[in-house]
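Worksheet: the structure to be examined is printed underneath.
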Amino acid sequence: LQAEAIDTLKAASDADAFEAARVKYVGQKKGALKDIQKQMGSVAPEDKKSAGMKLNEVKKAIEAAVEQAQSRLLGGDEQSGDPTFDPTLPGIRPRLGHIHPITQTINHLMEIMGRMGFEAAEGPEVEDPHHNFVALNIPEDHPARDPLDNFYLATADAGAERQNVEGTRLLRSQTSTVQIRVMEQNQAPIRVISLGRVYRPDAPDATHFPMFHQMEGLYVDTNVTMANLKTVLRIFATNYLGGDVEIRFRPSFFPFTEPSVEVDFYWDGKWIEFGGAGMVDPNVFRAVGYDPRKVSGFAFGLGVERLCMRRHDIKDIRDLYSGDMRFLSQF
Ligand code: PHE
């Protein structure tokens, strides 16, 4: 048996032949060695010792042949003498992963805001109308709730999107939802940012994409003022865009802030809008069970792609989501 097994294993020229031979001789269930082992019970007691030793010898020899055949077939060691393997050739460099420019931007923004004491908070991308609209003081008839401006999930009854129907879900259209989630679960003082994806059904062009990122900020305490808001945003902008950035507030309207402003930074010789901000509306405080007579706060929402594109002089938002490594690996 030993000679037969060793010959067969030596002759095995591919992985299938090797596997068949291995199963035949040393297989755990039906292998020839196992069969012999089972017969050991019927050997006369006085012969047991020598028979056992012999069996062990055969077993070791066959197992060695199995190993040899295996390393011969799988290659890898010098003994295989593989003529196509040249150890003097330079190796092939493994392709390393690359952190996406938007992820890099997010990490950078978290670091800057973190130095001012803002902690990162998160919320779900699939939201209910309560967090995306109602608690943010956006009433049922508000155009922001229009199905044409939001990605409602098919779970919503047709035509029921605008009502606060149980079970209606949509992809969040703004990170302001996280303001509500944070205040629902924490008491003031609050100092958080939330960086994440938002979704709006815009046709893609150089400055629009149906998915983009926002950095939401929320600061709630006693006696928070608009001056605090402007200071935080100015410090942020000078850190992110460079030392000489100026900041400008233009009057605006958001249902969840009062007063509300558009935030512009003076950058590269012109004023550029980066997002919206304002003082948290008393109705928002009431929606989360805060007493608007006791606390005040500011909130802001900035476009992450816009910040990233300005800083790196990227001209087309679609480049960020093309998956083209020639573009992405530049950052
Ligand atoms: N959520 C607003 C938007 O998406 C931005 C904003 C955030 C405005 C917080 C005011 C306060 O346009």
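Counting starts at 1 for both ligands and their atoms, following the listed order.
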Do any N/O atoms on Arg200 end up under 3.5 angstrom from N/O atoms on ligand 1?
yes
Do any N or O atoms from the side chain of Asp221 and from the backbone of Val224 form a donor-acceptor pair under 3.5 angstrom?
no
Looking at Gly301, which atoms of ligand 1 are within less than 4.0 Å of one of its heavy atoms?
6 (C), 7 (C), 9 (C)
Looking only at heavy atoms, is any part of Phe256 under 4.0 Å from ligand 1, and if so is it the side chain, the backbone, or both, or is it neither?
side chain
After noting the C-alpha distance and the side-chain angles of Phe133 and His142, does the key distance pass the ring pair (Phe, Tyr, Trp, His ring centres under 6.0 Å) rule?
CA-CA 9 Å; Phe133 303 121; His142 195 281; 8.3 Å; no
Atom 12 (O) of ligand 1: closest protein heavy atom, distance to 0.1 Å, is Phe254 CE2, 3.8 Å
Would Thr257 count as being in polar contact with ligand 1, using the rule that some N or O on each side must be under 3.5 angstrom apart?
no
Between Gln179 and Glu216, is there a side-chain donor-acceptor contact under 3.5 Å, judged purely by atom types and distance?
yes
Can you sort out which atoms of ligand 1 are near Ala299, meaning under 4.0 Å from one of its heavy atoms?
9 (C), 11 (C)
Donor-acceptor check, side chain of Glu305 to backbone of His213, threshold 3.5 angstrom: yes or no?
yes
Of all the atoms in ligand 1, which lie at a distance below 4.0 Å from a heavy atom belonging to Gln179?
9 (C)
Considering distance alone, does some N or O of Gln214 sit under 3.5 Å from an N or O of ligand 1?
yes
Is the shortest N/O to N/O distance between Ser176 and ligand 1 below 3.5 Å?
yes
Without hydrogens or angle criteria, can the side chains of Ser173 and Asn132 be said to hold a donor-acceptor pair below 3.5 Å?
yes
What part of Ser260, side chain from CB on, backbone N/CA/C/O, both or neither, has a heavy atom under 4.0 Å from ligand 1?
neither
Can you confirm whether Met53 is buried at CE, in the sense that more than 12 heavy atoms of other residues, nucleotides or ligands lie under 6.0 Å from that atom?
no
Quick check: does any side chain N or O of His312 sit under 3.5 Å from a backbone N or O of Phe331, one acting as donor and the other as acceptor?
no
Any Phe298 heavy atom less than 4.0 Å to ligand 1
no
N/O donor-acceptor pair under 3.5 Å between Asn150 side chain and Tyr152 backbone
no
Does a salt bridge link Lys60 with Glu63, judged by any charged N lying under 4.0 Å from a carboxylate O?
no
Hey, does Gly275 sit under 4.0 Å from ligand 1 if you only count heavy atoms?
no
How far is atom 9 (C) of ligand 1 from the closest protein heavy atom, and which atom is that?
Glu216 OE2, 3.3 Å
What atoms of ligand 1 come closer than 4.0 angstrom to any heavy atom of Gln174?
1 (N), 2 (C), 4 (O)
